[in-house]
Amino acid sequence: MVMKTRKIPLRKCVACQEMKPKKQLIRVVKTPEDVIMIDLTGKKSGRGAYLCGTEACFKLAHKNRSLDRALKSPVGAEIYEQLARDFVAAQDEFIASQSVSEDDE
Ligand SMILES: [Zn+2]
């Protein structure tokens with residue numbers, strides 16, 4: 001029996017506080033220009049916060065203002081509205097990309 005001990009980078013979801021593998025989370029980033037956006041590539045520079053790839057966690061983050069705290073910046077209502085739209089789109093893309101990477105392995 002061989003146990004794989006490959007380390008998976010874990011990140012904490014700012015909404016439900018669960019530690020999860022990075023690729024199961026969606027990154028929200030505040031860029032150096034103070035623009036808050038969803039970063040599906042995970043490579044944008046700036047302060048990042050992670051959320052589970054589910055609408056439920058996004059809604060929880062909105063309710064608890066978890067993103068504001070994680071990004072150390074007030075997130076305006078219009079940003080949340082935009083994120084809500086982007087998040088649903090991102091969630092679909094995210095799920096699609098997850099199933100693609102599973103096929104690769
Ligand atoms: Zn979560």
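All ligand and atom numbering here is 1-based and tracks the order in the structure.
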side-chain contact (heavy atoms from CB on, under 4.5 Å) partner of M37, chosen from T31, L83, V28, I79 |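 Only one of T31, L83, V28, I79 forms a side-chain contact (heavy atoms from CB on, under 4.5 Å) with M37, namely T31.
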
*Please name the pair of heavy atoms, one in P21 and one in L10, separated by the smallest distance, quoted to 0.1 Å.*
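Nearest pair, atom of P21 first, then L10: N-CD2, 3.4 Å.
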
L25 and F94: which non-hydrogen atoms are nearest, and at how many Å?
->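 Taking every non-hydrogen atom into account, O-CE1, 3.6 Å.
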
Sequence neighbours left out, cut at 3.5 Å: what donor-acceptor pairs do the side chains of residues 61-69 make with other protein atoms?
from: R65; atom 1: NH1; to: D68; atom 2: OD2; distance (Å): 2.8
from: R65; atom 1: NH1; to: V75; atom 2: O; distance (Å): 2.9
from: S66; atom 1: OG; to: V14; atom 2: O; distance (Å): 3.3
from: D68; atom 1: OD1; to: Y80; atom 2: OH; distance (Å): 2.5
from: D68; atom 1: OD2; to: V75; atom 2: N; distance (Å): 3.1
from: R69; atom 1: NH2; to: N64; atom 2: O; distance (Å): 2.6

Shell of protein N/O/S atoms around the Zn ion (ligand 1), taken as anything under 2.8 Å: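 Hits for the Zn ion (ligand 1) below 2.8 Å: C13 SG, C16 SG, C52 SG, C57 SG.
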
For residues 39-59, dump all side-chain donor-acceptor pairs below 3.5 Å to protein atoms at least two apart in sequence or in another chain.
from: D39; atom 1: OD1; to: T41; atom 2: N; distance (Å): 3.2
from: D39; atom 1: OD1; to: T41; atom 2: OG1; distance (Å): 2.7
from: D39; atom 1: OD1; to: G42; atom 2: N; distance (Å): 3.1
from: D39; atom 1: OD2; to: R27; atom 2: NH1; distance (Å): 2.7
from: D39; atom 1: OD2; to: G42; atom 2: N; distance (Å): 3.2
from: D39; atom 1: OD2; to: K43; atom 2: N; distance (Å): 3.1
from: D39; atom 1: OD2; to: K44; atom 2: N; distance (Å): 3.1
from: T41; atom 1: OG1; to: K43; atom 2: N; distance (Å): 3.2
from: T54; atom 1: OG1; to: C57; atom 2: N; distance (Å): 3.3
from: E55; atom 1: OE2; to: K59; atom 2: NZ; distance (Å): 3.4

Hey, could you give me each pair passing salt bridge (charged side-chain N to carboxylate O under 4.0 Å, His left out) that has a residue in residues 74-91? Not counting sequence neighbours.
->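 Listed by first then second residue: nothing to list.
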
